Structures are given as C-alpha cells and as structure tokens.
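Numbers here are sequence positions counted from 1. What you see is a predicted model, and the numbers here were worked out from it, not measured in a lab.
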Amino acid sequence: MGKLTVGALRAVLVVVLTGTVFVQTLMVWTLVSGSDPEDGSIPLTPLRVITILGMLSAQVALVSVWRLVTMVRRGTVFSHAAFRYVDAVIGAIVAAALLWFAVTAINAPGQRDDPGVTVIMGGIGLAILGVALIVLVLRMLLAQAVARDVEAAQMQAELDEVI
C-alpha cells in the first residue's frame, strides 16, 4: 500500500473520528443539561442515545481500521493479531445494524400511513448486516492467507535445514 493511499486514508479516519467525537460530546451535553426540549412528535431522547451509541460503534471500526492499516504498512497484517481488529470491525457493523433496527422500531408507529418507509428502513438494516457478512468473508480470506503464510514459513525453514 502506497504512502499516499495510507496518508489519505488516515486523514479521512482522523476527520471522521474527530467529527463523531465532537457531535457525541454535543449530544451528551444536550442530554445531560436538558436544554433541548422534545416537541412530542417522536421520542427524541432514545434516538439521541441510539445515535451516540451508533457513533461509538463507528469509532470502534475507525480505530480498528487504523490499526489494520498500520499492520499493512509494517507488513504484519498476515498474522493472528489482525483477527482481533477485523473481529472488532465486524462487531461494530453488527452493532450499527442492531441500532438501526432500533431506530426503525421507534420510527415505525409514526409511519402507519406510509409503511413503506419502515420497510425501506428495515431493508437498510439488512444491507448493513450484509456489509458485516462481506467483512466476515474477507476475514476468512485473511485466515487462509495467514495459514498459507505460516505454511510457507515452515517450508522455508525446512528448506534452510536441508541446505
């Protein structure tokens, strides 16, 4: 992976992480201070809590991707240590999907006249779970690559002994 690619990815990760921490701080302050009254149309407090938790799951994924990029730059990504970060990304995506389903459930009573919105929101939740499945498949590919790397190292050691 080139230095420009890594630099650009890290810049994006820093901007998104900084933005989510800033928004989370404001939302927590709003919840704690009670300075933002709800208008009664939909329950805003649960939606704010879900949003804060959703940003936390995104932050877990961002930090995990940062660590994986660091491992790629060092050439250590094909090791068992990488699985911890890939698993964290998968967990964060699943958590985001579950939070999205919670938002869908909170929003559903207000959509009785137009249930298509709820169906679309449910479909988005399924799509988020689909992303988790894609990352799971990529994890399996990483497992195969790690196994091959270990096997190649063993064969190289055996060849070195023969020579």
Side-chain angles (χ1 to χ4, degrees), residues 1-33 44-106 120-163:
M1 189 179 289
K3 288 183 179 182
L4 181 62
T5 305
V6 169
L9 178 57
R10 285 187 171 167
V12 169
L13 292 173
V14 166
V15 169
V16 173
L17 187 62
T18 303
T20 58
V21 168
F22 178 72
V23 171
Q24 264 181 325
T25 304
L26 292 176
M27 292 186 82
V28 167
W29 175 253
T30 300
L31 284 173
V32 172
S33 68
L44 293 179
T45 300
L47 289 176
R48 286 187 186 110
V49 171
I50 290 170
T51 302
I52 291 168
L53 293 173
M55 284 188 274
L56 180 64
S57 70
Q59 291 163 352
V60 168
L62 292 169
V63 170
S64 297
V65 169
W66 182 283
R67 294 294 301 155
L68 287 167
V69 169
T70 301
M71 292 179 82
V72 167
R73 290 291 295 156
R74 291 182 185 155
T76 60
V77 75
F78 294 114
S79 66
H80 292 286
F83 291 111
R84 167 180 25 177
Y85 301 113
V86 175
D87 290 341
V89 170
I90 293 169
I93 295 169
V94 170
L98 294 175
L99 290 167
W100 183 256
F101 287 131
V103 168
T104 303
I106 290 170
I120 291 169
M121 290 178 72
I124 291 170
L126 287 175
I128 296 169
L129 285 176
V131 172
L133 288 173
I134 290 169
V135 177
L136 181 63
V137 168
L138 294 174
R139 184 192 186 284
M140 288 186 241
L141 291 173
L142 177 64
Q144 287 180 354
V146 169
R148 296 266 165 89
D149 196 41
V150 168
E151 183 182 342
Q154 289 172 346
M155 292 176 85
Q156 183 66 42
E158 290 174 7
L159 184 60
D160 289 343
E161 287 179 13
V162 171
I163 295 176

_Side-chain heavy-atom pair L98, V94 within 4.5 angstrom cut-off_ = yes

*Just wondering, are more than 12 heavy atoms of other shown residues or ligands nearer than 6.0 Å to CZ in F78?*
no

*Please tell me if the side chains of V103 and L99 come closer than 4.5 Å, counting only heavy atoms from C-beta onward.*
no

*Roughly how far apart are L138 CG and L142 CG, rounded to 0.5 Å?*
9.0 Å

*Got T70 and R10 here, is their nearest side-chain heavy-atom distance under 4.5 Å?*
yes

*Nearest 0.5 Å please: distance from the OG1 atom of T20 over to the CD atom of Q59.*
3.5 Å

*Pick one: which of V63, V69, L62 meets side chain to side chain contact (heavy atoms under 4.5 Å, CB included) with V65?*
V69

*Start with the C-alpha gap between F83 and V146, add the side-chain angles, then the distance that decides, and say whether side chain to side chain contact (heavy atoms under 4.5 Å, CB included) holds.*
CA-CA 10 Å; F83 291 111; V146 169; 4.1 Å; yes

_Minimum heavy-atom separation for A96 and S57, please, with both atom names._
CB-OG, 3.8 Å

*asked:* Could you check whether any side-chain heavy atom of M55 comes within less than 4.5 Å of a side-chain heavy atom of M27, counting everything from C-beta outward?
replied: yes

*Would you mind reporting whether R139 and V135 have side-chain heavy atoms less than 4.5 Å apart?*
no

*asked:* A side-chain contact here means heavy atoms from C-beta on lying under 4.5 Å apart; do V77 and Y85 qualify?
replied: no

